[in-house]
There are 2 protein chains.
Amino acid sequence: MKRSLEHIEYQEDTETLARFAKALGHPTRIAILKHLENQSCCFTGDLVDVFPLAQSTVSQHLKELKTAGLIQGELKPPKIKYCINQENWRLAKSLFANFFD
Amino acid sequence: MKRSLEHIEYQEDTETLARFAKALGHPTRIAILKHLENQSCCFTGDLVDVFPLAQSTVSQHLKELKTAGLIQGELKPPKIKYCINQENWRLAKSLFANFFD
DNA sequence: ATCTATTATCGCAAATATACGATAGGTTTA
DNA sequence: TAAACCTATCGTATATTTGCGATAATAGAT
């Protein structure tokens with residue numbers, strides 16, 4: 001990417017909303033989150049069984065959702081229990097709701 | 001991208017939501033849409049003046065928003081007036097609202 | 001200490017996305 | 001017809017994303 005300008009500064013809300021949207025911008029990640037909404041929580045392995053994707057790929061999607069703050073992982077050795085991050089979920093919900101008027 | 005499986009089939013809502021989210025997944029596009037919400041409509045040139053981006057770059061972002069169905073262009077020669085596509089806007093609004101519960 | 005189970009990370013390949021300048025296209029005006 | 005105006009598209013460069021298999025890491029069980 002050629003950038004003549006180091007970085008465009010947007011309003012904080014704009015950046016935050018875009019980051020959430022980007023994390024939601026893949027059907028697998030939407031499906032993962034829908035799954036988490038139903039089950040409330042689940043393990044990586046459960047998701048690997050649900051989707052016809054390699055374990056590493058599922059793990060990567062989970063990482064992105066975690067980085068975006070939409071989910072969080074809790075150690076339940078030897079597994080990891082993933083749940084929706086309620087605080088950021090509410091934030092995302094309100095940002096989208098405000099955005100759409 | 002290596003795909004062992006041609007294509008994963010998700011629920012239609014999931015695909016649609018992901019497509020909207022992907023279109024919203026860039027701060028410039030969020031900012032463009034916010035601008036359109038305020039102004040109700042505007043021309044490409046107006047946006048080029050607002051953002052420190054090349055005309056071709058702005059045009060490309062507009063194209064993506066148009067492809068996603070979030071905006072529509074109306075010919076007002078020699079300009080093009082872009083407005084929010086109200087029908088899809090409502091659809092996106094409700095998909096996001098339902099998704100976030 | 002070793003083995004097992006589970007998940008994350010690394011390294012790679014291919015596809016997409018982002019940005020730019022240059023150019024083409026379409027419409028009005030001169 | 002030609003010139004001017006506005007916008008889209010092309011070509012290109014670089015960055016990011018998506019996916020896989022292989023490997024590392026972590027914690028409990030043997």
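Naming: A, B, ... by sequence-line order, numbering from 1 per chain.
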How close or far is atom P of C/dA17 from atom CZ of B/Arg19, stated in whole angstroms?
13 Å

For C/dA19, does either OP1 or OP2 sit under 4.0 Å from a side-chain N or O belonging to B/His61?
yes

Any side-chain heavy atom of A/Ile30 within less than 4.5 Å of one from B/Phe99?
yes

Using a 4.0 Å heavy-atom cut-off, does A/Gln55 contact any base of the nucleic acid, only the sugar-phosphate backbone, or nothing at all?
base

Can you check the B/Lys63 NZ to C/dC20 P distance for me, whole Å?
17 Å

Rounded to whole Å, please give me the gap between CZ in A/Arg29 and C1' in D/dG19.
12 Å

Atom CZ of B/Phe43 and atom P of C/dG26 are separated, to the nearest Å, by 20 Å

4.5 Å side-chain heavy-atom contact, A/Leu17 and A/Asn98
no

A/Glu74 has an atom CD; how far is it from atom P of C/dT6, in whole Å?
18 Å

Could you state the CZ-C1' distance from A/Phe51 to D/dC20, rounded to the nearest angstrom?
18 Å

Selected nucleotide, minimal atom distance to B/Lys79 side chain, candidates D/dT7, D/dG19, C/dT18:
D/dT7

Out of C/dT18, D/dT16, C/dA8, minimum distance to the side chain of A/Lys22 belongs to D/dT16

Below 4.5 Å, heavy atoms only, C-beta onward: do A/Thr57 and A/Thr28 meet side chain to side chain?
no

Using heavy-atom distances to pick each residue's nearest nucleotide on DNA chain D, tell me which of B/Ile80 and A/Val58 is more 5'.
B/Ile80

Taking the side chain as C-beta and beyond, is there a heavy-atom pair between B/Val50 and B/Asp46 under 4.5 Å?
no

When only distance counts, do a donor and an acceptor, one from the side chain of B/Gln60 and one from the base of D/dA8, lie under 3.5 Å apart?
no

Classify A/Thr44 by what it touches in the nucleic acid, base, sugar-phosphate, or nothing, heavy-atom distance under 4.0 Å.
sugar-phosphate

Rounded to the Å, how far apart are A/Lys81 NZ and D/dT26 C1'?
19 Å

Rounded to whole angstroms, how far apart are CD1 on A/Ile8 and C1' on C/dC20?
13 Å

Answer with yes or no after comparing the ring centroid distance for B/Phe96 and B/Phe20 against a 6.0 Å cut-off, counting only values under it.
no

Pairwise 5' ranking along DNA chain D for A/Leu75 and B/Thr57, keeping only the more 5' one
B/Thr57

The nucleotide from D/dT18, C/dG21, C/dA19 with an atom nearest the side chain of B/Ser56 is C/dG21

Please tell me which of A/Leu62 and B/His26 maps to the more 5' nucleotide of DNA chain C, matching each residue to the nucleotide holding its nearest heavy atom.
A/Leu62

